[in-house]
Amino acid sequence: EPEVTQTPSHQVTQMGQEVILRCVPISNHLYFYWYRQILGQKVEFLVSFYNNEISEKSEIFDDQFSVERPDGSNFTLKIRSTKLEDSAMYFCASDRTLDGYTFGSGTRLTVV
Amino acid sequence: AQSVTQLDSQVPVFEEAPVELRCNYSSSVSVYLFWYVQYPNQGLQLLLKYLSGSTLVKGINGFEAEFNKSQTSFHLRKPSVHISDTAEYFCAVSRQGAQKLVFGQGTRLTINP
């Protein structure tokens, strides 16, 4: 069964550093997403991406965040200057017909 | 805007017993409803979904859910649980045709032998 692949599975970074989280969505999917889950809290929507542009973003997705689909297969989330409160599990997901995503296994980001 | 409430943060049950995980949603427009499962140290896996049609939806691993529009509920059930069902279960809603999913807080299902 096709999978959404995320790398790395764990990342530790120092506060103020930039991080890039990488995702390879399912190849024929058209919609791409990032969600995050802070430990013990809900899974929260960050951003959706369709037709090479952001289609919706949450209030969490401020100027320190950006997304790219640089080469038609990868989908990246960049956090420019990480804060302690950015520590979370970040999930990438993709969808073809808006009727149920496939999620990746997540990247655990720890900011120290 | 849509919202989801999962009424139980933790549900302990004995193996082979039935289980129901409760989910209520709020929305002023028609919605799609989903249940996802998260096994320890893994990602989110789609268990089942309601888009339209029959209100009783069957999913993977013997789970089913019933959409009740009048009660705005989408409770998840399994007639006989197994140790391997130990996981966190998330109910989610999206506006029909929309991209964004709104998740509930999750219910931790613990199966005791």
Side-chain angles (χ1 to χ4, degrees), chain A residues 1-10 21 23-26 29-51 53-61 67 75 88-108, chain B residues 1-10 23-26 29-53 57-61 63 65 67 74 87-108:
Chain A
E1 186 165 335
E3 290 184 344
V4 174
T5 305
Q6 288 186 245
T7 54
S9 56
H10 294 91
L21 310 183
C23 171
V24 179
I26 294 173
H29 283 190
L30 304 174
Y31 303 89
F32 313 108
Y33 310 88
W34 284 100
Y35 284 73
R36 78 172 184 190
Q37 184 182 27
I38 294 172
L39 189 63
Q41 297 186 25
K42 287 187 184 186
V43 178
E44 301 172 291
F45 170 78
L46 290 178
V47 66
S48 59
F49 192 86
Y50 171 71
N51 202 24
E53 61 184 19
I54 291 174
S55 46
E56 188 175 354
K57 61 183 180 180
S58 72
E59 60 274 12
I60 303 167
F61 194 88
V67 289
F75 181 52
M89 182 74 92
Y90 288 81
F91 292 106
C92 174
S94 68
D95 193 4
R96 192 169 63 87
T97 54
L98 295 178
D99 63 355
Y101 302 175
T102 301
F103 281 88
S105 54
T107 293
R108 183 169 297 285
Chain B
Q2 289 72 47
S3 67
V4 177
T5 302
Q6 290 183 244
L7 296 161
D8 306 297
S9 59
Q10 295 189 61
C23 172
N24 286 89
Y25 70 93
S26 172
V29 297
S30 296
V31 295
Y32 294 155
L33 292 154
F34 306 86
W35 276 98
Y36 283 86
V37 60
Q38 186 179 30
Y39 298 106
N41 301 314
Q42 295 188 29
L44 296 160
Q45 181 181 4
L46 182 64
L47 263 184
L48 48 78
K49 60 188 175 186
Y50 171 79
L51 305 179
S52 65
V57 180
K58 293 192 184 296
I60 62 171
N61 302 338
F63 283 94
F67 170 56
F74 191 55
E88 187 101 18
Y89 291 80
F90 293 94
C91 183
V93 64
S94 72
R95 184 170 49 86
Q96 283 189 10
Q99 298 172 26
K100 171 183 166 182
L101 279 181
V102 175
F103 282 84
Q105 295 96 325
T107 297
R108 184 172 300 277

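Residue numbers begin at 1 in each chain, while the letters A, B, ... track the order of the sequences. All heavy atoms count here, side chains included; hydrogens, waters and symmetry mates do not.
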Undergrad: Identify which part of B:Q105 has an atom lying under 4.5 Å from any heavy atom of chain A, answering side chain, backbone, both or neither.
TA: both
Undergrad: Could you tell me whether A:L39 atom CG has more than 12 heavy atoms of other residues or ligands within 6.0 Å of it?
TA: no
Undergrad: When you compare the side chain of A:Y101 with that of B:Y36, does any pair of heavy atoms fall below 4.5 Å?
TA: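 SC-SC contact between B:Y36 and A:Y101 confirmed.
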Undergrad: Measure the spacing between CD of A:E44 and NZ of B:K100 and express it to the nearest 0.5 Å.
TA: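 Here the rounded value is 10.5 Å.
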Undergrad: Assess whether atom NZ of A:K42 is packed by more than 12 heavy atoms of other residues, nucleotides or ligands within 6.0 Å.
TA: yes
Undergrad: In terms of heavy-atom pairs under 4.5 Å, which option from B:L51, B:V102, B:L46, B:V4 contacts chain A the most?
TA: B:L51
Undergrad: What part of A:Q6 gets closer than 4.5 Å to chain B, counting heavy atoms only: side chain, backbone, both or neither?
TA: neither
Undergrad: Among the options A:G40, A:G106, A:S105, A:G104, pick out the one with the most heavy-atom pairs lying under 4.5 Å from chain B.
TA: A:S105
Undergrad: Could you check whether atom CD of A:E3 has more than 12 heavy atoms from other residues, nucleotides or ligands sitting under 6.0 Å from it?
TA: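 No, because the 6.0 Å sphere around CD of A:E3 holds 12 heavy atoms or fewer from other groups.
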Undergrad: Do A:F91 and B:Q38 have side-chain heavy atoms sitting under 4.5 Å apart?
TA: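 Sidechains of B:Q38 and A:F91: in contact.
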Undergrad: Between A:Y35 (side chain only) and B:L101 (backbone N and O only), is there a donor and an acceptor less than 3.5 Å apart?
TA: yes
